[in-house]
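One is the number of the first residue; the rest follow in order along the sequence.
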Amino acid sequence: MAKLAINGGPKAVNEQLGKAMYSEWPEIGQEEKDALMKVLESRKWWRGGYTEENLEDSYVVKFENAFAEYQGAEYAVACTNGTQAIELALKAVGIQPGDEVIVPCSTFVATATACILVNAIPIVVDIEPESYQIDPDAIEAAISPRTTGILPVHNGGFPADMDRIMEIAEKHGLFVVEDSAHAHGTLYKGKGCGTIGDFGTFSLQMGKTLTCGEGGIVLTNDEELAAKAYSFHHIGRFAGRPFYEFHLVASNLRMPEFQGAISYCQTMRLPEQTERRDKNALYFEDGLREIPGMAPLERGDRCTRWGFYYYMFKFISEEFEGLSREKFFEAMAAEGVGLGQGHIHPIQQNPLFTKRNFGPVCWPEGIEPPDYAKVETPVAQRVMAEEVCTLGHHAFADHDTRSMDLILGAIRKIRENVGELL
Ligand SMILES: Cc1ncc(COP(=O)(O)O)c(C=O)c1O
C-alpha cells in the first residue's frame with residue numbers, strides 16, 4: 001500500500017495552513033474603517049490639505065512617522081509604490097545618466113528596471129550560496145570607474161551582508177540604497193533593514209506583509225537626503241516654500257490620504273504580526289534541522305529578526321537520496337502543502353534584458369549596458385533550479401505552531417517514504 005499521497009496514500013494536510021490569517025488577510029478592524037471614514041469626511045484626501053500647524057493630522061504623515069519609528073529611521077517619505085520608491089531614492093542620491101548601479105540577480109525585476117528608469121545601468125551580480133543574498137565579493141569584482149552605487153535587496157526579507165556592503169561602499173565612495181520591499185520588520189544585527197544605507201525603500205503592494213493595496217515608502221537617516229526625496233516626490237517643491245515655487249524636475253509620487261490611513265493602521269498591527277511569524281519560523285527551523293536533506297537559512301548573528309514576505313529554506317537533493325526538488329514539490333503539493341521557489345530565474349534572463357529592450361533611455365554617447373545574455377550567475381542559477389523552497393508569509397500567521405507541525409509532518413512523511421519516489 002502506498003503511503004505518499006502522490007501515489008494514492010492519505011494526504012498529510014487536510015486543512016488551510018496559516019488559518020488565522022490566510023482567509024482573512026490582510027487583518028482589518030474598526031481602526032481601518034474609522035480612519036477611512038475620517039479621511040472621507042475631512043474632505044482632505046491628500047497631504048497637501050494639511051499645513052505646518054496641523055501636519056500631524058495627516059494620515060500619510062502619521063504613517064511615515066510610525067513606520068520610520070518601527071524600522072528605526074529618522075526620516076520617511078511615503079509614495080506611490082515600491083518601484084517608484086527606488087527611483088525616488090536614486091534621484092535623491094544624485095544618480096546621473098550612465099551611472100552603474102550594482103544589483104543582485106535574485107530579485108524582482110523592478111530593482112533593476114528602476115535603475116533604467118532613471119537612466120542608470122544596472123550591473124547584475126550573483127548571490128551568496130548560504131544566505132541567497134547579494135554576494136559582496138561579486139560586488140567588489142563588478143566595480144568599475146562608472147559605478148556610483150550598490151542596490152542590495154533583502155530577498156525574501158533575509159538581510160544582505162550590510163557590514164561588508166557598507167565597507168565596500170565606503171572604500172569606493174558609493175551610495176547604498178537597500179531595496180527592502182520584502183523586509184518590513186527584519187533586523188540586521190539589531191538594526192532595521194532599510195536604515196543602514198543612504199536609503200531604504202519598501203513596497204506596500206497587496207502581497208506584502210505591510211500593505212495598503214499599492215504604495216511605497218523610503219527611509220533615511222540623512223536630513224538633506226530626506227528633503228530631496230520629499231521634493232522629488234512632490235513635483236520639485238521644497239517643504240515650507242510657496243506652493244507654486246518649484247526647484248527640481250520631478251514627478252508626483254505622493255501617497256493619497258486614504259492609502260495613508262490604511263498604511264498607518266496596518267503599521268500599528270505589524271509589530272505583533274512580525275513577532276508571530278518569526279516565532280513560528282524559528283520553530284520551523286528547529287524542525288527542518290532534524291530532517292536529512294532539509295536546512296534553514298542559518299541566521300547566525302546576522303538576522304536578529306526575520307520579517308519575511310516569503311520564507312526561504314533549502315532542499316538538498318544529495319541528502320534526500322538524490323530526489324529532485326521538482327519531485328519533492330509535487331509530492332508536497334499532493335500532501336496538501338504548496339511550495340514555491342520565489343523568483344524563477346535570475347533577472348538578466350528576462351527578454352527585457354537579453355534583448356536590451358530598454359525604450360527611450362538617455363545614456364551618454366559611447367556608454368553601453370553589458371550584454372546581459374552573457375551575464376552568468378551560477379550560484380543563483382543552481383539555487384533557483386534545484387535548492388530554494390519558499391512558503392508565503394500567511395503560513396506562519398497562526399497564534400500556535402499547528403501549521404508548522406503539519407508542514408514539518410508532510411516533509412518528514414516524504415523523507416521517510418522517499419523510496420516510493422525514486
Ligand atoms: C524586491 C522588490 N523590489 C521592488 C518591488 C516593487 O514594488 P511595487 O510592486 O510596489 O512597485 C517589488 C515588488 O514586489 C519587489 O519584490
Side-chain angles (χ1 to χ4, degrees), residues 1-23 106 127 129-132 155-158 277 279-299 306 308-346 349 378-398 400-422:
M1 274 275 288
K3 293 238 173 66
L4 296 181
I6 195 170
N7 293 331
K11 262 171 91 171
V13 180
N14 291 292
E15 59 187 76
Q16 179 69 70
L17 295 163
K19 239 192 333 270
M21 213 184 263
Y22 215 104
S23 49
S106 185
I127 55 170
E130 293 309 323
S131 69
Y132 299 164
N155 180 28
F158 197 87
R277 281 187 288 260
K279 200 166 148 208
N280 277 327
L282 286 163
Y283 178 88
F284 187 66
E285 283 156 33
D286 286 342
L288 282 180
R289 281 189 202 96
E290 285 170 11
I291 307 173
M294 304 306 305
L297 298 192
E298 289 300 349
R299 300 175 181 222
W306 191 357
F308 48 86
Y309 157 51
Y310 50 73
Y311 179 84
M312 301 188 291
F313 59 104
K314 299 178 180 178
F315 172 82
I316 304 154
S317 171
E318 311 85 77
E319 294 170 24
F320 215 107
E321 311 283 336
L323 186 75
S324 73
R325 188 192 58 177
E326 291 338 294
K327 198 75 196 168
F328 173 67
F329 277 5
E330 280 172 35
M332 283 293 282
E335 297 297 342
V337 184
L339 294 176
Q341 62 176 86
H343 301 292
I344 56 170
H345 51 221
Q349 292 180 359
V379 177
Q381 271 150 248
R382 180 188 61 76
V383 163
M384 288 175 172
E386 299 169 14
E387 191 175 278
V388 62
C389 306
T390 63
L391 277 162
H393 64 80
H394 310 83
F396 296 79
D398 288 339
D400 58 37
T401 57
R402 180 166 171 79
S403 292
M404 302 295 97
D405 288 325
L406 286 169
I407 301 168
L408 288 166
I411 301 175
R412 270 190 224 105
K413 184 180 167 195
I414 294 171
R415 187 66 186 83
E416 281 159 19
N417 298 287
V418 65
E420 280 188 28
L421 300 172
L422 296 172

>> Could you check whether any side-chain N or O of Q341 sits under 3.5 Å from a backbone N or O of M384, counting only pairs where one atom can act as donor and the other as acceptor?
In response: yes

> Short question: side chain of W306, backbone of L282 - any donor-acceptor pair under 3.5 Å?
Replying inline: no

> For the ring-ring contact (aromatic ring centres under 6.0 Å, His included) test, which of F158, F396, F313 pairs with F308?
Replying inline: F396

> Do any N or O atoms from the side chain of E420 and from the backbone of L4 form a donor-acceptor pair under 3.5 angstrom?
Replying inline: yes

>> Working to the nearest 0.5 angstrom, can you tell me the gap between L421 CG and N7 CG?
In response: 6.0 Å

> Do NZ/NE/NH1/NH2 and the carboxylate oxygens of E298 and R289 come within less than 4.0 Å?
Replying inline: yes

>> What I want to check is whether the side chains of N155 and Y310 have a donor and an acceptor closer together than 3.5 Å.
In response: yes

>> Let me confirm one number: the CD-CG distance from Q16 to D398, rounded to the nearest 0.5 Å.
In response: 9.5 Å

>> Applying the side-chain contact (heavy atoms from CB on, under 4.5 Å) criterion to V337, which one of L391, L406, L408 satisfies it?
In response: L391

> Are R382 and E387 close enough for a salt bridge, meaning some N to O gap below 4.0 Å?
Replying inline: yes

> Does any non-hydrogen side-chain atom of V418 lie less than 4.5 Å from one of F328?
Replying inline: no

> With no hydrogens and no angle check, is any side-chain donor or acceptor of R325 less than 3.5 Å from a backbone partner on S317?
Replying inline: no

> Has the side chain of K314 got a donor or acceptor atom that lies under 3.5 Å from a matching backbone atom of E130?
Replying inline: yes

> Distance from E386 atom CD to I316 atom CD1, nearest 0.5 Å?
Replying inline: 12.0 Å

> When you check the gap from the basic side-chain N to the acidic O, do R299 and E285 get nearer than 4.0 Å?
Replying inline: yes

> Could you state the interatomic distance from CD (Q381) to CD1 (I127), rounded to the nearest 0.5 Å?
Replying inline: 10.0 Å

> Taking atom CD1 of I411 and atom CE of M294, what is their separation to the nearest 0.5 Å?
Replying inline: 4.5 Å

> Just how far is it from atom OG of S403 to atom OH of Y283, taken to the nearest 0.5 Å?
Replying inline: 11.0 Å

>> Taking the side chain as everything from C-beta on, heavy atoms only, tell me whether R415 gets closer than 4.5 Å to E321.
In response: yes

> Within a strict 4.5 Å, meaning less than it, do heavy atoms of the L422 and K327 side chains meet?
Replying inline: no

> Taking the six-membered ring for Trp, are F320 and F315 parallel (under 30°), tilted (30 to 60°) or perpendicular (over 60°)?
Replying inline: tilted

>> If you count heavy atoms of other groups shown closer than 6.0 angstrom to NZ of K11, is the number above 12?
In response: yes

> Where do I407 and M332 land on the side-chain contact (heavy atoms from CB on, under 4.5 Å) test, with the steps shown first?
Replying inline: CA-CA 9 Å; I407 301 168; M332 283 293 282; 4.3 Å; yes

> Between V13 and A410, what is the shortest heavy-atom contact and its length?
Replying inline: CG2-CB, 4.4 Å

> Are the side chain of N280 and the backbone of M404 linked by a donor-acceptor contact shorter than 3.5 Å?
Replying inline: no

